[in-house]
Every structure is written in C-alpha cells, then in structure tokens.
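A quick write-up on the structure given underneath.
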Amino acid sequence: MLDFLGTLERTHTCGELRAQDAGKSVVLLGWVNRRRDHGNLIFLDLRDRYGITQVVLDKELSLAAHAKAEQARPEYVVAAIGKVRLRGKDVVNPKMETGEIEVVASEIRILNDAKVPPFSPAEEAISNEEVRLKYRYLDLRRAEMQHNFEVRHKVTMAVREYLSQQNFLEIETPFMTRSTPEGARDYLVPSRVHAGTFYALPQSPQLFKQILMISGFDRYFQVARCFRDEDLRADRQPEFTQIDLEMTFPQQETIFRMVEGFMKAAFAAVGIALPTPFPQITYDEAMRQFGIDKPDLRLPGLTDVKEIFSASDLATLAIDPALPVVALRIPKVGELSRKERDDNRPLFDTRKGAKYIDDLKRLEKSFPNAVVKLRELTKAEEGDLLIIVAGDAATHIQASDTKSEGRLSEREIAVYSAAGNFRVELAKKYADRHGAFAVTEQVVASPDRRTGTVDGSAAFRPIWVTDFPMFEHDPETGKWMPAHHPFTSPHEEDMDRLTSDPASVRARYYDLAMNGLELGSGSIRIHRQDVQQQIFTALGMSEQEAKERFGFFLEALQYGTPPHGGIALGLDRLVMILAGASSLREVIAFPKTAKAIDLMVDAPTPVSEQQLRELHIRPVLKD
RNA sequence: GGGGACGUAGUUCAGUUGGUUAGAAUGCUGCCCUGUCACGGCAGAGGUCGCGGGUUCGAGCCCCGUCGUCCCCGCCA
C-alpha cells in the first residue's frame with residue numbers, strides 16, 4: 001500500500017546533513033538508492049539531486065517504520081521522518097559526504113513504488129546506450145548526468161550574465177522561417193494555410209541577427225536552438241544549441257574580447273581558471289603548423305623538415321619536391337613495432353597524394369644525417385614518435401591545383417591535412433602513453449573545483465583561427481564556392497582580387513577551437529549592398545538569382561546597415577568539454593541516435609491520412 | 001550513400017573445430033541476519049541466442065539478406 005504525502009514538507013535535501021546537524025528532527029524525501037536489510041536493522045540510502053543520506057530503521061525503535069522499509073525497493077519514492085544522529089566512530093563512511101551522520105527514522109512513507117528498472121541509476125557502470133536512451137528518465141537520475149546538466153546550467157547562466165552586463169540583449173528569433181538553399185539540408189514544416197509551401201527550421205539565426213543589427217539593437221545574443229538535417233556524429237546532433245551573438249561597429253578583436261570574457265566567466269562558473277586573451281593563428285599558419293583548422297595545442301604541432309633532404313634524397317624517396325615535407329611528433333609513444341606500424345596504416349589518408357615514412361631506423365641506414373637533423377628540428381626526445389609526411393612524387397600535380405601567391409594550394413593543403421589528421425588519430429590512439437589528454441580529464445574530475453578554482457591553462461587550450469580563405473574551389477564543377485555563408489566580408493585590402501584571384505582573398509572569418517574541437521565560428525559581415533553584389537557576382541550568382549534567394553535581406557541591407565559582425569559558439573560542445581564527455585548525447589537531455597531517432601518518445605512517426613491531407617502532402621515511399 | 005564494430009537472461013558479458021541439457025556475474029523473488037554502506041548467507045525463477053532465409057544429420061557459432069545501436073567517410077560550420 002502506498003502512503004499519501006499529506007502535509008509533509010522536505011526539511012533538508014539528501015546531500016545536506018552534516019555532523020553539526022546531529023539531533024535535528026528532519027524530513028527527507030527521495031528515491032531509494034539502495035536497501036541493505038539486516039533483518040531487524042534496515043539501511044535505506046535515500047537519493048535526490050543533491051546527494052545520498054543513510055536512513056536507519058531499527059525494529060526495536062519503530063516497528064511500523066521498519067515494516068515499511070522492508071517493502072521499499074530500489075527507485076521507490078520514500079519519505080523518511082526522524083532524527084539526525086552522529087554515526088559511531090567505527091561506522092562513519094568517509095566515502096559519503098553525509099557519511100558522518102544518519103537519519104534514525106521514526107516513520108517511513110512510501111509515496112510511490114517503481115517497476116524494477118532495466119538498469120540501476122545507483123550504478124556508475126553505464127548500460128548500453130540504446131537502453132539508456134529508451135529509459136532516459138532513469139539515465140538522467142544518475143549522478144554523472146545530473147552533474148552534466150548542472151554544468152550546462154551554470155555555463156549558460158554565466159554567459160547570459162556576462163553578456164547582459166556588456167549590454168547585450170537576448171532576443172528570440174523564429175523557429176518557423178524561410179528555407180534558404182545554402183548550407184545544410186533544412187528541416188521543413190508544411191504550411192496548412194498555404195498549400196504546397198513550407199517553413200524551414202533555422203540552421204542558425206544568421207540572417208535574423210544581422211537584421212537585428214540593421215534594426216539598431218547594437219548588441220544581440222541568444223541561446224539559440226539550431227536545426228540541421230545532416231547525418232550525425234558523436235559531436236553532431238540534428239538539433240543543437242548555439243550561443244549566438246552579433247554586434248554593430250566591431251573590430252574582429254572586439255568580438256574576440258567578448259567571447260574571451262564570457263568563456264572565462266563560463267569556466268569560472270565551474271571552478272576553472274581560463275587565461276585570456278586566447279592565442280591567435282591564421283588559417284594558413286594553422287594548416288602549416290597543425291594540418292587542421294582546429295588545432296589541438298595539447299600536443300606539439302608539425303615541423304617543416306624539407307631541409308633535411310637534398311634534392312636527390314627527395315628523388316630517391318619519391319617525394320614531390322614542390323610540396324611540403326613535414327614531421328609530426330607524438331611524445332613518449334616509444335618505438336613502434338612492425339605490427340603497430342601496419343595497424344596505423346589505415347589512419348593515414350593517401351587519397352590526395354600524400355605519403356609518410358614511419359620507419360626511421362630504415363631511413364637512418366640510407367640517410368643518417370637527415371634523421372639527426374630531423375631530431376634536432378622537431379626537438380624530439382628519446383621515445384618520441386616521429387613520422388615524416390610528404391607529397392608523393394608519383395601523384396602528379398593536377399591542372400586543377402589552385403596556385404595563388406601567398407596562399408596554400410590544394411595539394412599543399414592535402415599534404416598538411418594528411419599529416420594533421422594522422423597526428424590527431426595517433427594522438428587518440430596513444431593517449432595513454434603521451435598523457436596530454438589526461439591533463440584535461442584530471443582538471444574535469446578535480447574535486448577542488450567545487451571549493452576553489454583549478455588552473456585550466458594546460459587542460460583547456462583555446463585558439464582563434466583567423467583569415468580563412470574566402471572561397472573554396474570545387475574540383476567537380478571548377479567553380480568557386482563561398483567557404484562560409486555568402487555574407488562574410490572579405491578583407492578590405494583583398495577586395496580588388498575578388499575576380500582576378502579569388503583564391504588569394506581572405507575572409508574576415510574566424511573560428512574558435514579548443515582541444516581539437518571546433519567550438520564556434522563567426523565573421524565580420526558585409527554591410528554594403530554593392531560589396532554584397534560583388535560577392536554574389538564572384539560566386540557566379542546572377543542578380544536575379546540572388547534576389548530570389550535573399551531578396552528580403554538584400555532589401556534590408558539598403559536601409560542604413562551598420563558595419564557588424566558576430567559569432568556563434570556551440571554550447572553543447574562547450575559543455576561536453578567541461579563535463580569531460582565524449583559525446584554530445586551526454587550533455588543533451590533528450591538526444592537522438594545516429595539515425596536521428598528519439599528512442600524514448602519514438603520519433604519520428606508516420607501521421608494520419610487526415611493530418612497529411614490538411615497539410616496537402618502525399619508521401620512518396622520507396623518499396 | 002559507403003566502410004567498420006557490436007547484437008546471447010532485466011543488465012554486463014563468456015560461449016572452444018558446427019555436436020547432445022546455452023553459462024558466469026549482477027539484478028530479481030523467497031527465507032535468514034542489529035552496523036551495513038557494491039552488506040552477508042541459503043534457496044529459486046529468469047533465454048524467440050535481434051529478425052528472416054540458406055548450408056548441414058545437426059547452427060548461438062558458417063553463408064546470404066534484413067533491422068537496431070555505436071564509430072568513421074561522404075554530408076555538415
């Protein structure tokens with residue numbers, strides 16, 4: 001039989017009571033975490049968001065309460081009414097925050113029972129994700145998940161607080177908006193009122209926030225939900241949250257200072273000191289030094305080692321002399337066996353004409369001096385893994401390769417990114433050996449974060465990546481495509497090369513990366529209609545076409561648009577880093593599977609004929 | 001769209017070269033137990049080996065297909 005709550009009110013949470021509360025009469029309400037039944041003596045561990053407190057039932061002291069506790073099972077919801085008692089010296093539990101006390105119950109009320117759960121929220125060991133997602137409410141009861149969402153809340157609050165202090169206004173923008181054929185696939189919402197037309201869920205509030213600048217709001221931000229109908233990854237969900245902001249009259253540095261400010265505040269909110277300002281690197285430098293546009297600074301970058309080989313050496317090794325020769329170094333990995341090296345082969349991308357040398361012993365036999373110089377240049381220490389990456393001479397530079405004064409060509413990028421991706425893969429694989437990632441885990445797990453502030457300078461390595469190329473070359477169509485959305489402003493001094501040498505044009509576009517993860521990106525926008533038109537022209541988009549796609553926006557641009565710019569940061573990814581999680585699903589309350597299914601509510605589902613008819617939709621199903 | 005890993009008790013997993021009655025731990029149920037805290041002891045229940053087809057005297061194991069979960073490429077900022 002279940003009991004009524006009656007007028008009972010909670011006096012303390014289950015994580016609150018300490019030695020100095022001994023003697024107090026208390027009412028605890030919570031879930032049965034565990035029950036230890038010793039016959040005439042029963043221990044109930046009562047759990048809520050705040051912690052766990054041991055409740056004792058002594059048959060001799062209270063027969064009725066003891067009898068109730070006998071019926072209690074894991075995840076029952078229970079009220080314990082009684083007195084706080086200091087535990088005897090030999091039964092103090094130092095592993096529990098409330099371990100110095102216990103509550104001697106005079107009355108137990110079972111407020112609700114529970115089916116036997118498919119897995120226990122009391123266990124730390126995690127069940128398989130399919131089960132976790134189906135029974136998400138049980139999964140979310142686990143201490144780890146409760147902690148993740150506390151982190152998420154604190155980070156969000158700190159960001160809101162900081163931006164609000166800096167005069168930013170939080171303004172909401174529509175979920176039901178207009179489909180724009182740029183970027184990702186849209187999620188569509190059919191209109192009932194207008195047959196055959198659709199709203200789209202926003203991939204980001206991009207155009208709205210720019211229009212808010214035109215509207216004179218000066219500083220806008222939003223904790224904004226975004227929707228993209230693309231295939232998922234561990235760090236990609238179909239709906240995700242961005243800290244989206246935009247401001248008028250900014251220099252790039254103005255935006256950096258804002259973001260650094262709220263990042264520092266967000267980290268401080270969870271007890272981590274993050275030094276500012278963040279370092280900066282240009283896109284080209286990032287590619288040269290890390291082979292990737294989201295460098296992980298916790299490990300050494302690439303080293304240019306072309307000089308260690310003579311021209312004839314390069315020829316002997318079948319290395320293309322026109323392309324970069326770089327070394328990657330992973331500390332403390334030790335010498336790899338033949339088998340280990342074989343196993344690593346699939347991690348290297350040879351598709352775009354890059355190759356690598358990982359057998360230094362063999363190299364040393366023919367080129368002893370080169371290896372000596374290699375060790376010098378890379379500052380390698382004993383036991384560091386060194387691998388040389390270069391262009392394969394057998395793959396000839398194709399006519400489509402993009403050569404432009406001062407910029408990296410496609411094939412150069414191919415070599416750098418093959419090296420950069422290999423570096424990342426090997427770093428993941430040998431994480432136990434180099435220990436650079438463990439530093440982050442230690443800070444995340446540090447208990448000192450609750451009481452004070454932990455130094456996060458080695459564990460969290462943010463970096464601004466600036467001056468991305470304005471255009472990307474599409475080898476299939478031979479056309480120049482916008483590397484970002486087409487409202488990104490080019491550098492003013494590169495404007496005259498828009499059509500003559502598009503590859504050389506730098507965008508006023510920047511990314512914030514941290515620990516090898518892209519946290520966010522933004523840009524200084526185009527505020528002049530004539531410049532916008534030039535960009536469309538450079539992209540081969542006719543005036544007519546531009547009007548059809550973005551007419552409303554081009555119209556707005558003509559009514560006194562101030563210079564403006566902004567950024568959007570992935571809140572989920574930020575929280576993921578701070579929670580030490582390896583998937584976004586750990587920091588999103590109700591996430592979707594890799595096939596974009598919600599296993600708990602079972603969505604998506606078919607809908608009734610009637611609903612479809614009202615929406616003027618007829619499904620076309622493949623057999 | 002493509003590649004890979006996995007799918008056996010509620011859960012986590014083992015299951016030999018294809019062989020007779022599919023195991024362990026944990027959870028669950030019952031009984032016992034006054035200082036446990038992952039309590040302990042005894043007894044017990046619990047299986048469509050994801051699903052469908054095939055090979056075979058015989059399939060959890062081999063083959064084909066299919067579904068689901070995860071990771072990656074493509075895609076996506």
Side-chain angles (χ1 to χ4, degrees), chain A residues 33-47 52-61 66 70 73-75 85 87-96 98-99 102 104 115-135 138 182-186 203-204 206 226-238 240 242 244 293-294 346-347 349 351 421 424-425 428 465 468 472 476 482-485 488 507 509-513 517-523 567-570 573 582-583 585 591-597 599 602:
Chain A
N33 200 55
R34 282 203 175 83
R35 185 181 62 119
R36 291 177 296 281
D37 187 344
H38 290 226
N40 290 330
L41 191 70
I42 298 173
F43 299 97
L44 285 184
D45 287 344
L46 230 53
R47 182 196 71 233
I52 294 173
T53 300
Q54 174 168 287
V55 177
V56 200
L57 288 302
D58 191 327
K59 200 170 189 174
E60 282 180 14
L61 294 178
H66 180 273
E70 267 184 331
R73 292 291 178 274
E75 302 311 309
R85 178 170 75 187
R87 294 200 197 181
K89 265 200 187 121
D90 45 338
V91 289
V92 163
N93 185 349
K95 284 184 285 184
M96 287 174 79
T98 59
E102 61 196 354
V104 186
K115 286 173 72 173
V116 174
F119 60 93
S120 168
E123 299 287 337
E124 254 179 65
I126 316 171
S127 176
N128 77 57
E129 269 209 85
E130 216 170 331
V131 184
R132 286 178 60 198
L133 289 174
K134 182 168 182 199
Y135 299 93
L138 296 177
E182 300 293 313
R185 261 187 296 274
D186 287 319
Q203 295 175 24
S204 81
Q206 185 60 37
C226 305
F227 305 86
R228 289 176 194 164
D229 186 4
E230 296 293 346
D231 288 339
L232 280 60
R233 290 284 189 282
D235 61 352
R236 268 164 34 192
Q237 281 276 309
F240 59 98
Q242 286 188 341
D244 190 47
D293 61 3
K294 43 182 181 180
L347 302 178
D349 183 0
R351 284 177 300 182
N421 290 326
V424 169
E425 291 299 327
K428 273 190 222 162
V465 183
F468 276 74
E472 261 168 15
E476 277 177 31
H484 330 286
H485 60 71
T488 300
Y509 182 97
Y510 34 84
D511 270 7
L512 178 61
L517 210 63
E518 184 199 307
L519 269 191
S521 46
S523 61
I567 193 166
L569 268 88
R573 285 186 183 174
S582 54
S583 152
R585 294 183 298 277
K592 292 176 178 60
T593 68
K595 289 242 170 81
I597 302 239
L599 288 176
D602 186 25

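Protein chains get the first letters and strands the later ones, always in sequence-line order, with residue 1 at the start of each.
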**Message:** For a quick check of understanding: with a heavy-atom distance under 4.0 Å over all strands, which category does A:Ala483 fall into, base, sugar-phosphate or nothing?
**Reply:** base

**Request:** Any strand is fair game: report the nucleotide pairing with B:rA25 by Watson-Crick or G-U wobble, both distances under 3.5 Å, or none.
**Result:** B:rU11

**Request:** Would you indicate what A:Lys95 reaches in the nucleic acid, counting non-hydrogen atoms under 4.0 angstrom: base, sugar-phosphate, or nothing?
**Result:** sugar-phosphate

**Request:** Could you work out the separation of B:rC6 and B:rG50 based on their P atoms and round it to a whole Å?
**Result:** 13 Å

**Prompt:** Once the angle between the rings of A:Phe468 and A:Tyr509 is folded into 0 to 90°, is it parallel (under 30°), tilted (30 to 60°) or perpendicular (over 60°)?
**Reply:** perpendicular

**Asked** For atom C1', what is the distance between B:rG52 and B:rA77, given to the nearest Å?
**Response** 42 Å

**Asked** With centres under 5.5 Å and planes under 30°, do A:Phe119 and B:rU11 count as stacked?
**Response** no

**Request:** For nucleotides B:rU12 and B:rC28, find the distance between their P atoms and express it as a whole number of Å.
**Result:** 16 Å

**Nearest-angstrom distance, C1' atom, B:rG18 to B:rC61** = 7 Å

**Request:** Using a heavy-atom cut-off of under 4.0 Å over every strand shown, decide if A:Arg87 touches base, sugar-phosphate, or nothing.
**Result:** base

**Request:** Determine the contact category for A:Asp58: base if any of its heavy atoms lies under 4.0 Å from a base atom, sugar-phosphate if only primed atoms, P, OP1 or OP2 are that close, otherwise nothing.
**Result:** base

**Complete:** Winner on side-chain proximity to A:Arg228, out of B:rU11, B:rA77, B:rC73, is B:rA77

**Message:** Applying the Watson-Crick and G-U wobble criteria at under 3.5 Å, what pairs with B:rU16? Answer none if nothing qualifies.
**Reply:** none

**Message:** Taking A:Lys294 first and then A:Asp511, would you say they form a salt bridge - that is, a charged N and a carboxylate O separated by under 4.0 Å?
**Reply:** no

**Asked** Between the base of B:rG74 and the side chain of A:Asp231, is there a donor-acceptor distance below 3.5 Å?
**Response** yes

**Request:** Please work out if A:Tyr509 contacts a base, only the sugar-phosphate, or nothing of the nucleic acid, heavy-atom cut-off 4.0 Å.
**Result:** base

**Request:** Would you classify A:Asp511 as touching base, sugar-phosphate or nothing, given that sugar-phosphate means primed atoms plus P, OP1 and OP2, and contacts are heavy atoms under 4.0 Å?
**Result:** nothing

**Request:** Using a heavy-atom cut-off of under 4.0 Å over every strand shown, decide if A:Gln54 touches base, sugar-phosphate, or nothing.
**Result:** base

**Message:** From the set B:rU69, B:rC37, B:rA77, return the single nucleotide nearest to any side-chain atom of A:Arg36.
**Reply:** B:rC37

**Paired nucleotide for B:rC70 [Watson-Crick or G-U wobble; both distances under 3.5 Å]** = B:rG4

**Asked** So what does A:Arg35 touch, heavy atoms closer than 4.0 Å: a base, only the sugar-phosphate, or nothing?
**Response** nothing

**Prompt:** Counting any heavy atom closer than 4.0 Å, what does A:Glu123 reach on the DNA or RNA strands: base, sugar-phosphate only, or nothing?
**Reply:** nothing

**Request:** Report which part of the nucleic acid A:Pro74 touches: base, sugar-phosphate, or nothing (heavy-atom distance under 4.0 Å, all strands).
**Result:** sugar-phosphate

**Prompt:** Given that both distances must come in under 3.5 Å, which nucleotide forms a Watson-Crick or G-U wobble pair with B:rG65?
**Reply:** B:rC51

**Message:** When you measure only distances, ignoring hydrogens and angles, does the side chain of A:Arg73 come within 3.5 Å of the base of B:rG27 through a donor and an acceptor?
**Reply:** no

**Message:** Over all strands shown, is A:His485 touching base, sugar-phosphate only, or nothing at heavy-atom distances under 4.0 angstrom?
**Reply:** nothing

**Message:** Can a donor-acceptor pair be found, under 3.5 Å and without considering hydrogens, that links the side chain of A:Arg236 to the backbone of A:Asp231?
**Reply:** yes

**Fill in**
NZ (A:Lys134) and CG (A:Leu599) are apart, to the nearest 0.5 Å, by 9.0 Å

**Asked** Just checking A:Arg34: base, sugar-phosphate only, or nothing, at a heavy-atom cut-off of under 4.0 Å?
**Response** sugar-phosphate

**Request:** Count the heavy atoms belonging to other residues, nucleotides or ligands that lie under 6.0 Å from CZ of A:Phe227, then report whether that count exceeds 12.
**Result:** yes

**Message:** Using the side-chain heavy atoms of A:Ala184, tell me which of these nucleotides is nearest: B:rU69, B:rA77, B:rU11.
**Reply:** B:rA77

**Request:** Looking at every strand, decide which applies to A:Glu102 at a 4.0 Å heavy-atom threshold: base, sugar-phosphate, or nothing.
**Result:** base

**Request:** Using the C1' atoms only, state how far B:rG19 lies from B:rA25, rounded to an integer number of Å.
**Result:** 27 Å

**Asked** For B:rA38, which nucleotide is its Watson-Crick or G-U wobble mate, given both distances must be under 3.5 Å?
**Response** none

